[in-house]
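First the structure, in the form of structure tokens, and then the observations on it.
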Amino acid sequence: MTLLAIAVPVAVEDRVNAELVRHGHDVVARCDSADELASVLALSGAERALVAAEPRYLTDRLMAEADAQGIRLVALADGDEGSRFAASIGLQEVVLVDAGWEAVEAALRGDELRTAPTPVDRVGQLVVVWGPSGSPGRTTLAVNIAAELAADGHSVALADVDTHSGSVAPTLGLLDEAPGFAAACRLAGADSLDVQQLERIGQRYLSAHGSFWVLTGIGRPSRWPELSASRVVATLRACRDWVDYTVVDTGFSLENDEEISSDLHAPRRNAATIAALREADQVIAVGAADPVGLSRFLRAHVDLMETVVTDRVTVAMNKIRPGAIGPSPAAQVTGSLERFGGITAPVLIPHDQATLDAAILAGKTIYDTAARSGVRTAIGELVTSRILPRPQEAPRRNWLGRVVTAS
């Protein structure tokens with residue numbers, strides 16, 4: 001007899017009750033949501049948990065609680081949408097309802113699962129975050145863009161492609177002894193990289209708001225030759241088949257150092273950054289909103305425009321504050337960018353050191369530590385207005401219900 005906890009819709013529960021009794025399961029907890037099940041799981045005495053592969057019944061919090069209690073968690077998926085959702089938050093024990101009850105029994109026992117296949121027809125978007133030297137906030141912005149996309153319900157991977165100072169892993173409190181992105185590049189070089197391998201080497205950042213995958217960067221800068229241009233491109237293209245959005249944190253330098261090398265076939269340290277930028281669907285160019293940061297950004301922005309297609313670039317000015325730029329800092333920064341760089345409509349992100357310090361100390365995203373802060377709101381608006389597709393407006397109708405066309 002297996003002690004079982006379940007959280008499924010009433011209609012599904014009615015269908016599985018007979019099978020549960022017939023196979024000798026004793027249901028010790030019946031819950032209406034994942035949060036309710038997570039709250040009672042430790043006290044229920046359950047050995048297994050069966051849930052529906054839907055946001056109401058399966059969450060990161062429930063997965064974390066099941067892991068903490070050593071309880072096997074199995075999800076029932078009613079099609080590709082359910083299996084895709086379960087995979088997006090890292091649950092591999094997924095069984096299609098159409099597979100029959102024997103497949104559910106095998107999953108509960110821990111046999112080799114006939115899991116729902118991961119869809120391979122996805123063409124994910126690639127969002128690359130770049131900025132000049134001087135710590136303008138590339139990693140902070142990349143991490144929190146990934147968090148916003150995940151919170152919006154998308155499957156997301158965050159890749160650290162910085163060959164000078166990769167810092168995504170320590171920012172999120174993750175281990176980086178085995179750099180995930182470098183491992184992916186090695187597999188790509190051997191033509192062995194696929195979705196299963198990416199999930200094996202990727203780490204999960206778990207959040208109640210929305211979890212995402214992380215491919216950590218190289219821990220030692222001397223390992224940069226592992227990230228050749230061809231390998232980086234192959235890895236990022238594999239990520240398109242893996243998740244809806246891949247957010248890439250890059251290095252700062254756009255110098256094409258082929259001209260200073262006698263060996264034109266030698267690895268290039270900046271090749272990873274340049275390859276990622278050229279592969280990107282969207283580039284978020286971030287600069288620091290102070291006199292030195294603005295100067296650095298405007299000079300490097302010229303090189304960026306020679307590297308990528310102009311209409312793919314969104315400029316985001318970080319650390320907006322009057323103490324560094326004078327009164328009316330937003331107007332000052334906007335005016336300087338337009339006057340000296342021809343840049344219009346930049347995204348402005350306020351400086352909030354206390355919020356950033358709290359996130360770094362906790363190894364969490366800003367969404368998880370200060371969801372109502374001004375800096376988190378600004379990053380959320382950046383994602384909504386510049387990255388996510390805009391919803392189509394419903395046609396205007398008159399009182400007779402006829403569509404009104406613009407004159």
Side-chain angles (χ1 to χ4, degrees), residues 33-35 52-64 75 77 80-91 118-119 121-129 137 139-159 168 171-172 198-199 202-215 236 239-249 280-284 286 312 314 316 318 347-349 355 359 364-394:
S33 68
D35 287 340
E54 302 174 19
R56 176 184 175 87
Y57 302 99
L58 176 60
T59 62
D60 294 310
R61 179 191 172 200
L62 176 57
M63 288 179 58
D80 285 346
E81 183 177 353
S83 60
R84 184 163 51 243
F85 167 72
S88 74
I89 63 173
L91 183 64
T118 301
D121 56 351
R122 176 189 282 116
V123 180
Q125 294 289 297
L126 191 64
V127 180
V128 175
V129 180
T139 299
T140 297
L141 195 55
V143 165
N144 289 287
I145 286 175
E148 293 290 336
L149 289 168
D152 198 59
H154 302 281
S155 58
V156 179
L158 173 63
V168 166
T171 298
L172 291 175
L198 285 166
E199 292 182 353
Q203 298 187 51
R204 288 289 285 175
Y205 173 80
L206 298 178
S207 167
H209 299 109
S211 301
F212 52 89
W213 294 97
V214 180
L215 295 174
L236 295 179
C239 287
R240 292 183 184 274
D241 296 330
W242 181 28
V243 291
D244 299 328
Y245 287 92
T246 303
V247 181
V248 181
D249 180 23
D281 297 298
Q282 298 183 67
V283 175
I284 310 298
V286 56
R312 296 181 183 177
T314 293
N318 197 19
V347 175
L348 305 179
I349 301 173
T355 292
K364 299 287 186 181
T365 65
I366 296 174
Y367 206 134
D368 283 338
T369 55
R372 297 184 179 180
S373 65
V375 62
R376 187 255 136 182
T377 300
I379 296 174
E381 291 176 353
L382 161 62
V383 170
T384 300
S385 63
R386 306 298 178 93
I387 297 177
L388 292 174
R390 297 182 181 180
Q392 293 183 351
E393 294 184 0

CG of Asp60 to CG of Leu206: how many Å apart, nearest 0.5 Å? 5.5 Å
Shortest non-hydrogen contact between Leu141 and Ala316, atoms and distance: CD2-CB, 4.2 Å
For the pair Arg312 (side chain) and Ala280 (backbone), establish whether a donor and an acceptor sit closer than 3.5 Å, ignoring hydrogens and angles. yes
Side-chain donor or acceptor of Asp281 paired with backbone N/O of Gln125 under 3.5 Å: no
Mind checking the CD1-OG1 spacing from Ile284 to Thr314? Nearest 0.5 Å is all I need. 4.5 Å
Please report the interatomic distance CD1(Ile379) to OG1(Thr384), rounded to the nearest 0.5 Å. 12.0 Å
Distance (rounded to the nearest 0.5 Å) between Ile349 CD1 and Thr377 OG1: 11.5 Å
Test item: Gln282 side-chain N/O and Ile387 main-chain N/O as donor-acceptor pair under 3.5 Å: yes
Check: Thr355 and Arg376 side chains under 4.5 Å, non-hydrogen atoms: no
Is it true that a side-chain atom of Thr140 and a backbone atom of Gly137 form a donor plus acceptor pair closer than 3.5 Å? no
4.5 Å side-chain heavy-atom contact, Leu58 and Met63: yes
Sort out for me which residue in Val247, Leu215, Val248, Leu126 forms a side chain to side chain contact (heavy atoms under 4.5 Å, CB included) with Cys239. Leu215
Under 4.0 Å between a side-chain nitrogen and a carboxylate oxygen: does that hold for Asp35 and Arg56? no
With rounding to the nearest 0.5 angstrom, report the CD to CZ distance, Glu54 to Phe85. 9.0 Å
Are the side chains of Val168 and Val214 in touch, meaning some heavy atoms are under 4.5 Å apart? yes
Val243 versus Val156: any side-chain heavy-atom pair under 4.5 Å? no
Mind checking whether Leu158 and Trp213 have side chains closer than 4.5 Å, heavy atoms only? no
Go through the side-chain N and O atoms of Asp368 and Tyr205 and say whether any donor and acceptor fall under 3.5 Å apart. yes
One should read off an interatomic distance between Phe212 CZ and Ser155 OG, to the nearest 0.5 angstrom, of 13.0 Å
Let's go through Thr365 and Asn144 carefully: what are the C-alpha distance in whole Å and the side-chain angles of both, what is the deciding distance for side-chain hydrogen bond (donor to acceptor under 3.5 Å, both in side chains) to 0.1 Å, and is it a yes or a no? CA-CA 6 Å; Thr365 65; Asn144 289 287; 4.6 Å; no
Please find the pair of heavy atoms, one from Gly82 and one from Ala77, that lie closest to each other, and give the distance. C-CB, 3.9 Å
Could you check if a side-chain atom of Ile145 sits within less than 4.5 angstrom of a side-chain atom of Val129, using non-hydrogen atoms only? yes
Between Ala150 and Ser211 the two heavy atoms that sit nearest each other are CB-O, 3.5 Å
Kindly give the heavy-atom pair with the smallest separation between Ala157 and Trp242, and that separation in Å. CB-CZ3, 3.7 Å
Considering residues at least two apart in sequence or located in another chain, which fulfil the side chain to side chain contact (heavy atoms under 4.5 Å, CB included) criterion with Leu388? Leu149, Asp152, His154, Tyr245, Val383
